[in-house]
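Please read the structure below before turning to the comments.
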Amino acid sequence: MTRRLTPALLAAGAAGLLALSACSSGAAADAADAPADDAVTISLVRQLGSGDYFEQWLAGAQAQADELGVELKVSNADGDDNQQSLDLESAVNQAPDAIVVDHGFADTIGDGVTAALDAGIPVVAFDAEVTDERAITVSQSDHDLAQAVLDQLVEDTGGTAQVISVHVAGYAPLDRRNEVWEDVKAANPGLEQVAQIGVVNESTASAVADQAKAALQANPGVTAIFAPYDEFAKGAVLAVQELGLQDTVKVYGADISTADIEVLTADGSPWVATAATDPANVGAVTVRAAYLAATDGDVPASIEVSPTLILASELREAGVATIADLGAVFPGLTTDDLVPVP
């Protein structure tokens with residue numbers, strides 16, 4: 001079930017990083033010219049790899065690794081937490097210069113993270129439940145992300161609407177986004193959550209589509225769906241379209257990718273707003289942090305990438321068709337000054 005990184009996907013990830021000046025040309029040249037035996041090795045231990053966001057995140061991470069002359073060793077557990085634990089144990093035994101843990105639960109990665117740190121291997125955790133304070137953390141500002149798109153939902157509905165929420169508890173970024181939804185509901189009593197649905201698996205979008213269709217049929221007064229993950233949002237869009245409700249039900253999502261842009265900009269799409277970081281950019285930031293940690297560089301203990309609110313109408317007006325086009329319209333998505341390599 002592991003997805004292969006195809007040439008086309010690599011090209012897409014590289015295109016998404018054209019605006020990045022993550023490291024100086026001198027540093028990149030030095031890294032590229034270094035003998036293979038001297039190359040920095042980073043093990044990337046992933047909980048999930050399927051879905052547009054995760055694929056483009058990996059493309060950005062790989063492109064940045066190539067730029068720095070880093071050997072990036074990738075394992076993907078495909079949502080199998082026990083497998084991720086084994087992958088992390090294997091990575092520690094291989095003694096790389098640094099380890100990146102991409103998502104994961106405390107119960108399955110905690111011991112491995114501590115073992116790595118005890119062995120002197122720096123650990124960078126992206127959106128993972130890591131409690132060892134010696135680890136470096138990288139995250140999107142999930143609270144800001146949810147707040148931005150929910151502010152738009154409140155503005156569009158006037159704060160009064162029946163809403164379906166899509167959420168799966170236990171995933172740190174989703175839990176943080178749901179916390180904001182709970183606060184927004186409390187502040188806007190006219191917003192009524194009539195159903196909460198959600199599933200995360202290898203076919204998240206289609207599974208959510210089935211759930212959303214049932215919830216919409218059971219609650220004909222719904223006018224908004226809060227779906228704060230792009231696979232959730234795409235599933236909600238499918239359900240709305242299958243029921244012919246795109247004129248009355250709007251989807252408020254999260255995350256961005258080329259495939260997401262295609263859905264957002266399609267004629268009559270009910271997905272009207274998303275809040276996002278550029279996944280390729282976040283992958284690059286994470287690899288830069290691991291590279292600096294591995295080479296005794298200056299890297300903060302906690303790194304947060306701020307999101308941007310993106311309206312479907314803005315994408316259409318600007319003629320944005322791919323994630324590579326976003327930088328010119330939404331320059332805040334490119335954070336080349338975040339964790340720079342000197």
Side-chain angles (χ1 to χ4, degrees), residues 13-14 16-46 56-75 88 91-92 94-104 109 112-141 277-307 332-342:
L17 292 172
L18 285 177
L20 290 174
S21 55
C23 60
S24 68
S25 58
D30 289 344
D33 292 338
D37 289 345
D38 294 337
V40 170
T41 300
I42 297 174
S43 291
L44 171 56
V45 181
R46 312 191 80 195
Q56 293 197 336
W57 190 99
L58 178 58
Q62 185 65 63
Q64 184 66 85
D66 292 344
E67 184 78 10
L68 293 169
V70 166
E71 181 183 0
L72 191 64
K73 297 182 177 181
V74 183
S75 61
L88 181 53
V92 173
Q94 292 171 14
D97 296 297
I99 293 175
V100 172
V101 179
D102 176 13
H103 287 75
I109 62 174
V113 167
T114 296
L117 293 166
D118 287 346
I121 304 171
V123 174
V124 177
F126 170 64
D127 269 353
E129 293 181 357
V130 172
T131 58
D132 196 313
E133 295 182 354
R134 295 173 294 172
I136 296 164
T137 60
V138 178
S139 64
Q140 302 177 96
S141 179
T277 58
D278 178 347
N281 175 61
V282 178
V285 168
T286 305
V287 167
R288 292 202 299 272
Y291 176 83
L292 288 170
T295 57
D296 296 323
D298 185 15
V299 55
S302 179
I303 302 158
E304 192 169 73
V305 184
S306 297
L333 289 170
T334 302
T335 59
D336 53 337
D337 58 342
L338 191 60
V339 202
V341 175

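The closest side-chain heavy-atom distance from I136 to I303 is below 4.5 Å. Within the 4.5 Å cutoff, side-chain heavy atoms of S302 are placed close to those of T137. Using a 4.5 Å cut-off on side-chain heavy atoms (C-beta onward), V40 and L68 make no contact. The shortest distance between side-chain heavy atoms of L88 and S75 does not fall below 4.5 Å. For the pair Y291 and E67, the minimum side-chain heavy-atom distance is 4.5 Å or more.
For A125, the side-chain contact (heavy atoms from CB on, under 4.5 Å) test picks out A128, V130, with sequence neighbours left out.
Considering V70, D97, L72 as possible partners of T41, the one that fulfils the side-chain contact (heavy atoms from CB on, under 4.5 Å) test is D97. The only member of D102, V101, V100 that meets side-chain contact (heavy atoms from CB on, under 4.5 Å) when paired with T286 is V100. Evaluated for a side-chain contact (heavy atoms from CB on, under 4.5 Å) with V282, the options T277, L338, T335 yield exactly one hit, T277.
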Practice task
Check step by step if salt bridge (Lys or Arg N to Asp or Glu O under 4.0 Å) holds for R134 and D118.
Solution key: CA-CA 10 Å; R134 295 173 294 172; D118 287 346; 2.9 Å; yes

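The distance from atom OG of S139 to atom CD of E304, rounded to the nearest 0.5 Å, is 4.5 Å. Taking CD1 of I42 as the reference point, atom NZ of K73 lies at 11.5 Å (rounded to 0.5 Å). The distance from the CG atom of N281 to the CD atom of Q56 is 12.0 Å, given to the nearest 0.5 Å.
Here the closest non-hydrogen pair linking A91 and S43 is CB-CB, 3.8 Å. Closest heavy-atom contact between P342 and L292: CD-CD2, 4.0 Å. Nearest heavy-atom pair, V138 versus A289, reported as atom, atom and distance to 0.1 Å: CG2-CB, 4.5 Å. Residues V341 and R288 come closest through the heavy atom pair CG2-CD, 4.1 Å. Smallest separation of non-hydrogen atoms from A98 and I121: CA-CG2, 3.9 Å. In terms of heavy atoms, V123 sits closest to A116 at CG2-CB, 3.7 Å.
The aromatic rings of F126 and H103 sit perpendicular, their planes meeting at an angle over 60°, well past the 30° parallel limit.
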